[in-house]
Amino acid sequence: MAAPRKKKAPARAGTAKRGMRPRYRLVEGEDGSLRAERVRSAAQGARDQAMADFLGVGPEISVSANMRGMESLLGEVLESLHLEEETMRPEILAALWKRAVGETLASYTELQSVSRHTARVWVGHPAVRFQLTQLKPKLLQVLNAELGEGCVRSISFVQ
């Protein structure tokens with residue numbers, strides 16, 4: 001009677017066969033995130049460089065070389081929006097609007113919000129809306145001077 005066969009041990013992650021070098025390694029990025037990177041032999045790297053030199057092209061570009069973590073990307077996007085909490089408070093927006101249009105027009109209107117480069121203004125009367133439409137370029141200049149250049153690109157009037 002034959003002896004029972006031993007089961008093979010499962011292969012480790014990243015290796016093709018037992019005793020071989022791993023194909024992938026974990027590399028820490030600048031933002032602290034970990035990503036998998038293919039391990040290449042020195043001979044393979046030399047062949048790639050020789051072909052790149054011969055063909056006159058750059059080395060192979062890794063798809064994951066420029067990948068970043070969501071935290072760093074989201075932080076960069078939020079910084080580019082220039083959302084200072086202090087300048088977007090309702091009482092500050094109301095005072096800013098009053099300075100921009102004057103006491104009379106401010107009594108018939110209210111600057112509700114500034115988001116996505118659009119100022120949303122509530123208007124109580126159609127005649128006031130027409131007058132504000134005529135003043136739109138001046139209002140854009142005043143709002144951008146107070147909130148920061150490029151912060152407001154358009155004004156939306158809501159009745």
Please report the interatomic distance OG1(Thr104) to CD(Gln131), rounded to the nearest 0.5 Å. 9.0 Å
Side chains of Val152 and Leu139: closer than 4.5 Å at any heavy-atom pair? no
Scanning both residues in full, the closest heavy-atom pair of Gln112 with Leu93 reads O-CD1, 4.4 Å
With no hydrogens and no angle check, do the side chains of Thr118 and Ser154 hold a donor and an acceptor under 3.5 Å apart? yes
For Lys136 and Ile155 the tightest heavy-atom approach is NZ-O, 3.2 Å
Judged by atom type as modelled, is there a donor-acceptor pair below 3.5 Å linking the side chain of His117 to the main-chain atoms of Arg153? no
In the single-linkage hydrophobic clustering (I, L, V, M, F, W, Y; side-chain heavy atoms under 4.5 Å), do Phe157 and Val114 co-cluster? yes
Answer yes if Val128 and Val142 sit in the same cluster of Ile, Leu, Val, Met, Phe, Trp and Tyr residues linked by side chain heavy atoms under 4.5 Å apart, and no otherwise. no
May I ask you to decide if Leu105's main-chain N or O and Thr109's side chain share a donor-acceptor pair within less than 3.5 Å? yes
Rounded to the nearest 0.5 Å, what's the gap from CD on Glu149 to CG on Asn144? Could you check? 5.0 Å
So, taking the atom named CD in Glu110 and the one named CZ in Arg120, what distance separates them when rounded to the nearest 0.5 Å? 11.0 Å
Taking atom CD of Glu30 as the centre, does the number of heavy atoms from other residues, nucleotides or ligands within less than 6.0 Å exceed 12? no
Sub-4.5 Å side-chain heavy-atom contact between His125 and Gln159: no
Quick check: is Leu143 connected to Leu135 through a chain of hydrophobic side chains (ILVMFWY, heavy atoms under 4.5 Å apart)? yes
To the nearest 0.5 Å, what is the distance between NZ on Lys98 and OG on Ser107? 9.0 Å
If we only count heavy atoms from C-beta on, is the Arg129 to Leu132 side-chain gap below 4.5 Å? no
Which heavy atom in Trp122 sits nearest to a heavy atom in Tyr108, and how many Å separate them? CZ3-O, 3.7 Å
